[in-house]
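Let me begin by presenting the structure, written as structure tokens, before commenting on it.
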Amino acid sequence: MDATRTAPPAAHAALTAAPQPARLAAHAVEILRIRDCWALLQGGGVGRLALVAVDGAPDLYPVDFTVHDGCLYVRSGPGSKLAALAARPQVAFETDGSDGGCRWSVVVRGQAARLDRDDEIEASGILDLVSSSPTPKHDFVRITPNRLSGRRFRVFPETAPQGAEQITGAPRVR
């Protein structure tokens, strides 16, 4: 289920009021409610930023992110990523993880904009975000979502690839 997002998460209470199933059925894929997507994003972490490069080819960047007031914020260094965002600000962002024997994924589609106002940079909390990259990241980007979707599914030993715990950091469910 995709939903249009035009306001901070609190404004979506009516869209997300459906009761949550008590347990995820075996081999089922649960479509996450908007508030569940925001709850998973709220912790920040690492995600992937998809954009169209200046040469017209798709590109994907791992980025550290944080969330503030219904938007995602990422740090960047100067270069091709910022040039691409200036030329084509429409982006997609994905992050995923695991909890309680389940894997989940949240996808955000929206508009990216480089921040240039000190008050917004400070209020966003992006200055506190420590980059995983060893290169300097002194540019800040806001992603304003217009679509948000998420999924969750149970991981069973027979569906988890051998060595998944080394690849994803998540232990295999036994």
Side-chain angles (χ1 to χ4, degrees), residues 1-12 16 31-99 102-152 164-170:
M1 169 189 226
D2 288 337
T4 301
R5 221 203 59 64
T6 57
H12 292 288
T16 61
I31 303 302
L32 298 176
R33 295 175 294 178
I34 299 298
R35 70 175 176 209
D36 297 327
C37 292
W38 279 113
L40 291 167
L41 289 169
Q42 203 61 43
V46 176
R48 285 147 293 283
L49 179 64
L51 51 82
V52 177
V54 176
D55 66 1
D59 222 335
L60 193 62
Y61 295 91
V63 293
D64 297 282
F65 75 98
T66 191
V67 173
H68 174 73
D69 199 23
C71 293
L72 278 71
Y73 292 85
V74 301
R75 296 183 80 132
S76 180
S80 60
K81 185 183 340 163
L82 288 178
L85 292 175
R88 292 184 178 98
Q90 193 70 15
V91 298
F93 172 88
E94 189 273 345
T95 189
D96 54 63
S98 62
D99 59 19
C102 293
R103 296 286 301 160
W104 57 265
S105 172
V106 174
V107 175
V108 177
R109 293 183 193 174
Q111 295 287 119
R114 186 175 176 273
L115 300 180
D116 56 7
R117 290 187 10 239
D118 289 344
D119 62 330
E120 184 176 11
I121 292 168
E122 291 172 10
S124 72
I126 192 72
L127 294 174
D128 296 327
L129 182 65
V130 177
S131 176
S132 301
S133 171
T135 60
K137 306 288 184 198
H138 301 296
D139 294 291
F140 311 104
V141 175
R142 177 190 61 243
I143 301 170
T144 304
N146 54 38
R147 286 182 72 172
L148 182 63
S149 62
R151 298 171 178 231
R152 178 182 290 133
E165 60 275 9
Q166 286 83 27
I167 296 169
T168 65

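Positions are given from 1 along the sequence.
In this structure, His68 and Tyr73 have tilted ring planes: the angle between them lies in the 30° to 60° band.
Rounding to the nearest 0.5 angstrom, the gap separating the OG atom in Ser124 from the CZ atom in Arg117 is 11.0 Å. Within the model, atoms OG of Ser98 and CZ of Arg152 stand 11.0 Å from one another, a figure rounded to the nearest 0.5 Å. In this structure, NZ on Lys81 lies 10.5 Å from CG on Leu60, to the nearest 0.5 angstrom.
The two residues Val67 and Leu41 have their closest heavy-atom pair at CG2-O, 3.3 Å. Pro145 approaches Gly70 most closely through the heavy-atom pair CD-O, 3.3 Å. Residues Cys37 and Ser149 approach most closely at SG-C, 3.7 Å, considering heavy atoms. Between Ser105 and Asp96, the closest heavy-atom pair is CA-CB, 4.0 Å. Here the shortest heavy-atom pairing between Leu85 and Ala112 reads CD2-CB, 3.7 Å.
Considering only residues two or more places apart in sequence or on other chains, Glu94 meets the salt bridge (Lys or Arg N to Asp or Glu O under 4.0 Å) condition with Arg48. In this structure Asp55 satisfies the salt bridge (Lys or Arg N to Asp or Glu O under 4.0 Å) test with no other residue, sequence neighbours excluded.
Panel note: side chain Asp59, backbone Ala53; no donor-acceptor pair is recorded below 3.5 Å.
Side-chain contact check for Thr144 and Arg142: at least one donor-acceptor pair (N or O, by modelled atom type) lies under 3.5 Å.
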Problem - Chi angles and distances behind the side chain to side chain contact (heavy atoms under 4.5 Å, CB included) call for Arg151, Ile31 - result: CA-CA 5 Å; Arg151 298 171 178 231; Ile31 303 302; 4.2 Å; yes
When you look at Leu49 and Val141, which way does the side chain to side chain contact (heavy atoms under 4.5 Å, CB included) test go after all the steps? CA-CA 11 Å; Leu49 179 64; Val141 175; 5.8 Å; no
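Two residues are said to be in side-chain contact when any heavy atoms from C-beta on lie closer than 4.5 Å; Phe93 and Leu148 fail this criterion. Side-chain contact check for Arg147 versus Val108: every heavy-atom pair is 4.5 Å or farther apart. Contact check for Phe140 versus Leu129: no side-chain heavy atoms found under the 4.5 Å cut-off. The side-chain heavy atoms of Arg114 and Asp139, taken from C-beta on, include a pair separated by under 4.5 Å. Counting heavy atoms from C-beta outward, Arg109 and Asn146 have side chains that approach closer than 4.5 Å. Inter-residue side-chain proximity for Ile126 and Thr66 is flagged as met; some heavy-atom pair is nearer than 4.5 Å. Between Asp64 and Lys137 the shortest side-chain heavy-atom distance does not fall below 4.5 Å.
Of the listed residues (Ser80, Ser133, Ser76), just one forms a side-chain hydrogen bond (donor to acceptor under 3.5 Å, both in side chains) with Tyr61, and that residue is Ser80.
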